[in-house]
Structures are given as C-alpha cells and as structure tokens.
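Just so we're clear, the structure is a prediction, and the values are computed from it rather than from any experiment.
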Amino acid sequence: MHLRPFLASALRSATTGGWRYHLWMGSLTLIMVLGAYAYSVQLRQGLGVTGMSDHVSWGLYISNFTFLVGLAAAAMMLVLPAYVLENVDFARAVLVAEGVAVAALVMSLSFVVVDLGNPLGSWHLIPGVGYLNWPRSLLSWDVIVLNGYLALNLIIPFYILYNHYAGRHPARSRYLPWMYISVMWAVSIHLVTAFLLAGLPARPFWNSALLGPRFLASAFTAGPAFLILLLYFIRRTTDYPIADGAFSKLALITAVAAQINLVMLISELYYEFYWPTRHGASAFYLFFGLGEHHALVPWIRTAIGLNVLATVALMVHPVRRNPRWLMVACATLFVAIWIEKGMGLVIPGFIPSPLEEIVEYTPTWVELSVTAGVWALGLFVLTVLVRVALPIEMGRVRSPHLEVPHGALIIRPRSPRPRPERPVRPVRTR
Amino acid sequence: MSTDRMPEQPDPAPGQSLLEKPVDRRRALTVLAGGVAAGAQALGACTPLSATTDEEREIRVLAWREYIKGNYRFMTEAERAETIARLEQLARLRQGVDVTIQSTGAQPGVLFGYAFNISKCKGFRLCIEACINENNLDRAADTQYIRIFEMDEGAVDLEHADATFQHEVPAEGHFYMGTQCFQCADPPCVRVCPVGATWQEPDGITVIDYDWCIGCRYCMAACPYWARRFNWRAPEVPPREVNPNQHYLGNRARKTGVVEKCHFCIHRTRQGRLPACAEACPTGARVFGNLLDPDSEIRWVLANKRVFRLKEDLKTEPRFWYFTD
C-alpha cells in the first residue's frame, strides 16, 4: 500500500539535487555511453578488439571482477557489527555499506558478462532451461553465490527502508536470520572467487592454498577503506549523522586487515623467491620481469610501495585518528589493492603460458572504455541507492499515507491534487 | 542427404511450411519464435531488420531455431538430425558450400591414444598444415592446434624451446617435439566448464559443442597443456578451401566468441581412418590407434618403448605419450 509512493519518492530523491549532483550523474552517464559504444564495437567484431590472446585469455575485465567481488564482500564488515552485534556506531552506516555491496556486485556481474565471447548464450547457465555444471565448475558456484548475495543485499535493505518509510519498525525476527546468512555469504563469495583461480593446477601462480585467505585479507582492507572514504564524503556533504566511532572502528579494521595482507604478501614472496622453481616463473615475471618482458613490473612495485606506506601510516595512532591522513591512507590502499588484486593477480597467471611461452598483454581502448563504463555504472547505482536511502533514514521522506509524522520533518509529495481519504494504520511507537 | 528435412524452396514463407508439419510443443514454440524474427537480429546476423529476400528470411528463421536449441550431449537422435540439417542448409545459404555434417558416435571397444616419436620428428610441420586444411581452422588468425617445439639437444626443456622457428629444418643440435590436445583421461577443462559445453566421449575424445559454449574461457585457463583456442574474431575459411567432410563435434564451422581445440580428427578416426596429422607426417613420428586393441601399433609402442608424458604430476592422465627410438 506504500509501495507506489515509495517508488515515486525514490525516483524523486534520485533525480533531484544541486548542480554538482547533476554534473556528477551527467558525467557518469557520459562515461557509460562511451562504454556502451565500445562494447557495441566488441559485440560486432568479437573479443579480438581487446588486448587478450590465446596466451593471455583473461585481462582487464576479469581482473576488475576479482577485485570488485572483494569490495562487495567487505560490506560484511559493517553488517556484522551493526546487526548481529548491535553496535550502534555502525547502525547509520550499514545501509551505505549494503549499497556499496550492491554496486560492487552490479559491476562484477557486468564484468563477467562483457568478458563472455557469446553473451547471448548466457541463458545456457540457467538450470532447467540450460545446464549449470554445478557443483563441479567453480564458475557455476560463482554464478550462484554472486546472484544470491545480490538478492540478499537488495532485499534486506529494501525491507528495512520500506518499513521506515511506512513509519514502522522493521521486525528483527524477520531480517536477522537473513543477516546471519548474508555475513557467511559474504565470506563465501570471495572464497569461491579465489577457489575459481586456485583450483587450476595448470596455473601455479594461482594454485596456492594462500590465495583464498589472501583474497579475504585484501578485500577487508580495500572494502572498509572505500567505505571510510564514502562515509566521510557523506558526512561532509549531508547532515546524515554518522558516529565518530564508526570511523575509528572502520579505520582499525582496515589497519588490521592491511597488516594481515602484508604478512601474506611476505609469505608469498618468501615462498616464490627463497628457492625459485619453474612454478615461480609467473611471480618472477610479475616482480622482476623475464628477459625483455616486464610490462607489469612498474605496476606491482608501485602497488607494493603504496601498500606498505599506507599500512604503516595506519599503524601509527595519531595518523589514523587524523581524518585527513586517514583519507589519504585509505585512498592509497584502495588503489594499491586494485592494482595488486587486478592486473597483478590475474594477468601474470597467464605469463608464461603452460608451455612456457611468453606473450605479454596490454589492454586496448575498447577494454579501457568498457571498464570505465562499468565503473561509471557502479558509481551511478551507488549514488542512486545512497540518495534514496538517506532521506528515508533521516525521516525526511515518509509515506504520504501516514497521519502521525514519524521523523522530525516530513516532506510531502509536491503533487497538488488532493489525495483520497483512506484509513490510516496507526504508527506503532516504541 | 538432409534436404527432405529442410525444404529448400522458401515459397510459401518458411514459417508456413513449418506449420504444415505435425506440431509438437517444441516446434510450435520455435515457429512462434520464428515469427518474432527480430530476435534473430540480435544473433549478430547483420541482416537488415526487414528481410528483403526469401533467402534472408530463411536464414533468419534457421538462425533463430539454432539459437534456441539445446546442448548436443542431451539431444535426441531426431533433434541431432534436425540441427545438422539446419547447419548444412545455413552453410549452403551463407557461404554457398555443400557440407556433410556427421553425428557418428563413439565406436564400441575403442579408446584412442597417440604416441609421438621425438627421435623421428624433424620439424617439417606438415602436420600443422594438414590440420589447418582438414579442420577448417581460421586462416585470418592463423589458428593452429598443433605446436612443434624446437628444443636444444640434451633435455626436454620447454623453457628454452621455440615454437616459432623460421629456418631450415632439422637444425643442427636440436630435436623436435609436438604438442596438441592430449585428450586427458581426467580433463580439467571439462570439470571447469560452467555450462557443460565440453565433455569426454566414450572413445576418450574431449569434444566441444561450439553452439553451447558461452565463451567464458575458463577452460583455457584450466588446460595445463595450452591446447585450447578461442575465436577472437569471426573465423575465416575461403569457401573453396572448406573441407566438406565434417562432424558436429569436430571440424564444422565455428562462430565468433567460442572455444575450439584438437579432437583427434573425430570425423575421420570414428570411421577408422588416421587423424590428418598422423597421415601427413613424412617421418613416421606419429603413432595413432586404439588402446583397447592389443594388436595396435600404439599398444606395441607402449609395451616396448620407454614412454613419458608431459606434466604427469598433475594427474590429468593424458592419452598422448612421447617416446624415442
């Protein structure tokens, strides 16, 4: 009964704003259009317009996919304390985290789709109509866990927001079980994505027991770092109350995860280089280059430099507690892990090839444009979700069918025509 | 052949001629769908939205019915015959070539194996040429299933091998070793495919349904022998060079964005012939045969030569052995 006004006010929230907001959304749209054009070129001519080859058969798309699955999983770092442990500091921030999860999932799924050679055949994945090779193929697991996590992160926040909109308290017993599932599910999406790569003995660079834990550690570094940046931006530009405690706790999570991530990096480097074997050729290529082939060396060295710098900075209390330095450290970490988990993980797995041939990879303008387009899509989705959620959470947008104002301010729809009289359900009070 | 199944005259409109046939649920659905021919537009067929000729209309209907067909592995014999008829007709309409596509199954009591004599191979690469011609490999991208590595005398060392040599062979101080799909008994590529578009047949050949493949390339990442190739662009084979003797799971036309690989010349070997590479080899380095036949040459090689396989530690159990004289 509140659904139509809910959707109407959501649309209104998403489409109204100042000139900066419109400029932001306009720019994202422009980038999406460019991406769509590049994708149309790829659809017409085939994946040959990318830099990929039979030797390096996954590139920028799958790199971004693996990174973004981690970002999606990291929302758990807020969901767990906020709902399960009932930490009040995170209560206001958790919907934002879930918005990040949705946006990250939209991006990861898009990256998989743009990477398909035969995207029109995707219906072959639907069990019953097509054939899903489950449980044998890890990619089929990924299809299930990613879509399931997307559903969880859409339905739970919708339930909560909708109830707030309707002036009710969401029933804990209704959503809490799903929260528990969602927390475990978050771990599973990133583990499954790591297993997808780690399960291939053909690629010794990925075929490591450490890959799964390493994925989680880097995700719980980059994810909260991104959330800190986003929450800080929200606090600066709106009057949405986010507790200081949320920042300090998130910063602590980021700092701990970043250190664990570094420990794992050190283990990896030791394993590969104390006694270099043939299986370490990819790592050698990545960190030092093989012969005249060393395209990734500057990237990974930059990533590791930034990673170490930011991690050390976060370990120093005064630096971590200073908002400006915290922002710098978080942005640095985010970029470092994007390089390391993306280009630095997927591409060296293919170099050298299983027959020890070396073919390098450089993305083309089509790949770069499609990638930018997908990122713009994700940021667009994130902006809309945040834009819709915040006014409801602040009590500024409420169902017009409510008689008793629930929040401090009620913005009624600007519709001039009188609404028909309807019996109004009384609002439950605490 | 198959012309009785697919009327060539497109008059009256193909939709109508289909309707005159006994209609089951699937057929009704496909005819309906054929009406919504705009869907075929999305198939990448660059035909204009309004087909001008009956031929274009027929192509569109055929392409749509090809789009909605199932996985070959689970098709009934009748469905297999239908899709083959459609594919043969499409080859006629699109490229003007008459091809025959078999659906010959695995023969009982046959398990194929391959042995490669690294003492005999001289690096002539006639096998590669024969493979390209036999299997309608993409000439534009110069796709090759076989790689011949030139190695330094002394050790089997892929790190220092070269598969792109361009000089007179055999070169002093070198020996030659060929790779292709090893038809593993426990193939990682099959395990990882999310849609079951690739599987192992009872005679040991791992095949691909090119029309069921979604092009995710997970199998390419999973193959320890770099045996799989992708159609990065539309494959090109000049119509007069097309080998018309084809198999659904073998050398029939592939499309953009799907994976392919060596299939031990399934269209030849299931009829008792040798693969094109083995037939083309002038040195006798290639031994192909039935592992279940105790009198076969391959069994003799396995019993009397010291054989080895690449990367045995991965336990994929290739059915491709190397040996020396």
Which heavy atom of [X] sits nearest to which heavy atom of [Y], and what is that distance?
X        : Y        : answer
A/Ser137 : B/Cys193 : CB-O, 3.5 Å
B/Cys216 : A/Leu139 : SG-CD2, 3.6 Å
B/Ile214 : A/Gly121 : CG2-O, 3.2 Å
B/Pro224 : A/Pro354 : O-CB, 3.1 Å

More than 12 non-hydrogen atoms from neighbouring residues, nucleotides or ligands closer than 6.0 Å to [atom1] on [X], yes or no?
X        : atom1 : result
A/His279 : NE2   : no
B/Arg73  : CZ    : yes
A/Phe288 : CZ    : yes
B/Gln200 : CD    : yes
A/Tyr271 : OH    : no

Where does [X] contact chain A at under 4.5 Å (heavy atoms): side chain, backbone, both or neither?
X        : answer
B/Asp211 : backbone
B/Thr179 : side chain
B/Lys315 : neither
B/Val259 : neither

With a 4.5 angstrom heavy-atom cut-off, is it the side chain or the backbone of [X] that approaches chain B, or both, or neither?
X        : value
A/Trp123 : side chain
A/Phe350 : side chain
A/Ser57  : both
A/Val143 : neither
A/Trp134 : neither

Distance in Å, [X] [atom1] paired with [Y] [atom2], rounded so as to fall on 0.5 Å steps:
X        : Y        : atom1 : atom2 : value
A/Arg278 : B/Asp157 : CZ    : CG    : 4.5 Å
B/Leu314 : A/Leu200 : CG    : CG    : 11.0 Å
B/Arg217 : A/Leu116 : CZ    : CG    : 8.0 Å
B/Met220 : A/Ser353 : CE    : OG    : 11.0 Å

Is a side-chain N or O of A/Arg203 found less than 3.5 angstrom from the main chain of B/Ala221, in a donor-acceptor match? yes

Has A/Asn118 got a side-chain atom pairing as donor or acceptor with B/Val258's backbone, closer than 3.5 angstrom? no

For each of A/Val129, A/Asp115, A/Thr50, tally heavy-atom pairs with chain B at distances under 4.5 Å, and name the one with the top tally. A/Asp115

For the interface with chain B, which of A/Val112, A/Leu138, A/Val49, A/Leu43 has the highest count of heavy-atom pairs at distances below 4.5 Å? A/Val49

Parallel, tilted or perpendicular, judged at 30° and 60°: which one describes the rings of A/His124 and B/Trp212? parallel

Would you check if B/Lys311 and A/Pro201 make a side-chain contact, meaning some heavy-atom pair closer than 4.5 Å? no

Do the side-chain N and O atoms of A/Asp54 and B/Trp226 include a donor-acceptor pair separated by under 3.5 angstrom? no

Member of A/Leu196, A/Leu197, A/Asp142, A/Ile62 meeting the side-chain contact (heavy atoms from CB on, under 4.5 Å) criterion with B/Tyr218: A/Leu196

Chain A interface, residue from B/Gly215, B/Ala234, B/Ala141 that has the most non-hydrogen pairs under 4.5 Å: B/Gly215

What option among B/Ala163, B/Ala197, B/Ala222 has the most heavy-atom pairs under 4.5 Å with chain A? B/Ala222

